[in-house]
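Predicted model only: the values in this text are computed from it and were never measured.
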Amino acid sequence: MVHLLPLMLERVGLLLIIVFLLSRMKSFRQIIRHEHRLKDKLLLIAIFGVFGIVSNYTGIKISGGLVATEPWQTAVDADSAIANTRVLGVALGGLLGGPLVGLGAGLVAGLHRMSLGGFTAYACGFSTIFAGIVTGLLGPRLRRAGKRMTGWAVVIGIVMECIQMGLILLFARPLDTALQLVEVIALPMIVINGFGTLLFMLFIQSILQEGERTSALQTYKALHIADLTLPFFRQGLNVRSSREVAAIMLRETTADAISITDRETVLAHAGAASDHHIPLQSLSTQLTRNVLEHGTLLKAKTREAIACEHEGCPLRAAIVLPLRVHGQTAGTLKLYFTDPLQMDLVEQELAEGLSRLFSTQLELAEAERLSRLLKDAEVKALQAQVHPHFLFNAINTISALVRTEPETARKLLLQLGVFFRSNLQGARQMLIPLRSELEHVEAYLTLEKARFPGRYDVRLDIDPELETVLVPPFTLQPLVENAVRHAFGPALKGKRPFRVSVRAVRDGERMRLETQDNGVGIAPERLSSIGSEPVESAAGTGTALHNIRTRIEEIYQGEASFEIISRPGEGTTVVLAVPVRSQAQTGGEPYVESLSRRG
């Protein structure tokens, strides 16, 4: 009995070597992770059934209570038996694969054991089939209950061996020979099968943990690369963004070259073969054209499969992935390798993850582009709110002064030119210096005062240091126009002078722009809706304050604020607070241009 233990341990080691070799196969790893389709179950039956067959062939022959030394058992004498690890493989198959796998593996190993012969053939065969059925039923229940499979597998393996010993005593004849056999093999087989089950489960557990670690590392790496590339792909799929992304991926992956294309040209190429994979040239590989046409991942493991038109290209393998925007293939991401062996499964899965993340980034960039277009449209809507009568009234006022006060008429014409030039400038730019917005306000007020001399007392109190701070166009002028046109109703005529003041003061890291009037004010029930949503107005579109607030929120992303303070009968104050950012603080760019100007 003592001599049987090391021999049995050798057989367990042989099975472990087989499991190790199988663990290198992707399909086996997927099966171990319980990704069980019908073909997977059939494969499990084959694998664990073969374990049982190998265990039968490598079993240790027991004859007359003595241990034989034959290494391979192809037939067993009528008065002999074999000690092996057959139940071990079948039990593991049932625990991992469920009832179908347990029954299938048990039948394969059990029937094979019966075919070898010996006085315990049928007892051992039936016990193997029974072990497959029982473990197949128990495995799914244990997983659903959240039990730790390793400890339970060891217990089940020991119990199955004990049952096998009982079946040998119950069915094998002669009884005295069966009893003598059990005395020799019971303890070694129970110990070794329990120990073997433990080793198998630990090994399978390490496969699962290795897969989880690999997935975690891949996820981290993909998210890390996506985080590095986000600032560039948010600009869209263009030469500059692609060049930066290609450089980042070349540094962060094992690829020898990275290439990014749109549907027509190579936008960027970094790494090997840069001498002929040149940006802004037409696509140089048929592989890329195929991905653009079909929108699916393609791989190449030979230079011929890449189909580069340049003779002597060092690239020997490639993964080409589609970059999709709103369901359409907008370009490709290509990972090139000079050695096909470098293009392993890990790199492919990483590339697939990055392709999906990059596609999402490009869709976000497209959404931002459309958002900026919407802002431009809102600016144009503000521009269109210039009342047609304002132009007619300004022209009539100027024409009336041409003969009596020609110099005044000339100045008003210049101010009218300034006013409409500011309108055009605002439609082309997202941010302008405060002084430009003030020029717009002053031109408007000059024309209004010429029409109604002495009606308004307008005061500008602007800190000179703030005149270079960038603000959205059509910010102050609509506020002043609102005050002039709507704040002073007939009820206030003759009761007090009409005053409008515009102040710009620094408040920490922000500039406060205040437009204040002493007009009729706004009723409390209307105050909550004005600026928050478009309102009906008989004298205008009712969208000016709403558009200003919306643009402020979208441009500054929470860094600015917009507030309306009003008391009925006393007046209204509109307070706009924006970050203090000047031309010098934005990299020397005089203005942030809108998309409509860039075309």
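Here Glu304 contributes atom CD and Arg316 contributes atom CZ; the two are 8.0 Å apart, rounded to the nearest 0.5 Å. Note that CG of Leu412 and CG of Leu401 are 6.5 Å apart. Values are rounded to the nearest 0.5 Å. The NZ atom of Lys334 lies 9.5 Å from the CG atom of Leu315; values are rounded to the nearest 0.5 Å. Here the OG1-CG distance, from Thr261 to Leu333, works out to 9.0 Å after rounding to the nearest 0.5 Å. Residue Thr329 holds its OG1 atom at 4.0 Å from CZ of Arg324, rounded to the nearest 0.5 Å. A distance of 11.5 Å separates CG in Leu287 from NZ in Lys299, rounded to the nearest 0.5 Å.
At a threshold of 4.5 Å between non-hydrogen side-chain atoms, the residues Thr475 and Val578 do not count as touching. Contact check for Asp256 versus Tyr336: no side-chain heavy atoms found under the 4.5 Å cut-off.
A donor-acceptor contact closer than 3.5 angstrom is absent between the side chains of Ser399 and Asn396.
Under a cut-off of 6.0 angstrom, the local environment of CD in Glu264 is sparse, with at most 12 non-hydrogen atoms contributed by other residues, nucleotides or ligands. Around the CD atom of Glu509, the shell of radius 6.0 Å holds no more than 12 heavy atoms that belong to other residues, nucleotides or ligands. Environment of CD in Glu465: sparse, with no more than 12 heavy atoms of neighbouring residues, nucleotides or ligands closer than 6.0 Å.
By the 4.0 Å N-to-carboxylate-O rule, Asp461 lies too far from Arg459 to be salt-bridged with it.
When every heavy atom of Thr332 is checked against every heavy atom of Thr288, the shortest pair comes out as OG1-CG2, 3.6 Å. Ile248 approaches Leu228 most closely through the heavy-atom pair CD1-O, 3.6 Å. The two atoms that bring Leu237 and Leu362 nearest to each other are N-CD2, 3.7 Å, heavy atoms only.
If you run side chain to side chain contact (heavy atoms under 4.5 Å, CB included) between Leu466 and each of Arg435, Arg512, Met511, only Met511 comes through.
Side-chain atoms of Thr572 never come within 3.5 Å of backbone atoms of Ser566 as a donor-acceptor pair (strictly under, hydrogens ignored). In this structure a side-chain-to-backbone donor-acceptor pair under 3.5 Å is present from Thr229 to Ala226. Put simply, the side chain of Ser436 never gets that close to the backbone of Ile432: no donor and acceptor are under 3.5 Å apart.
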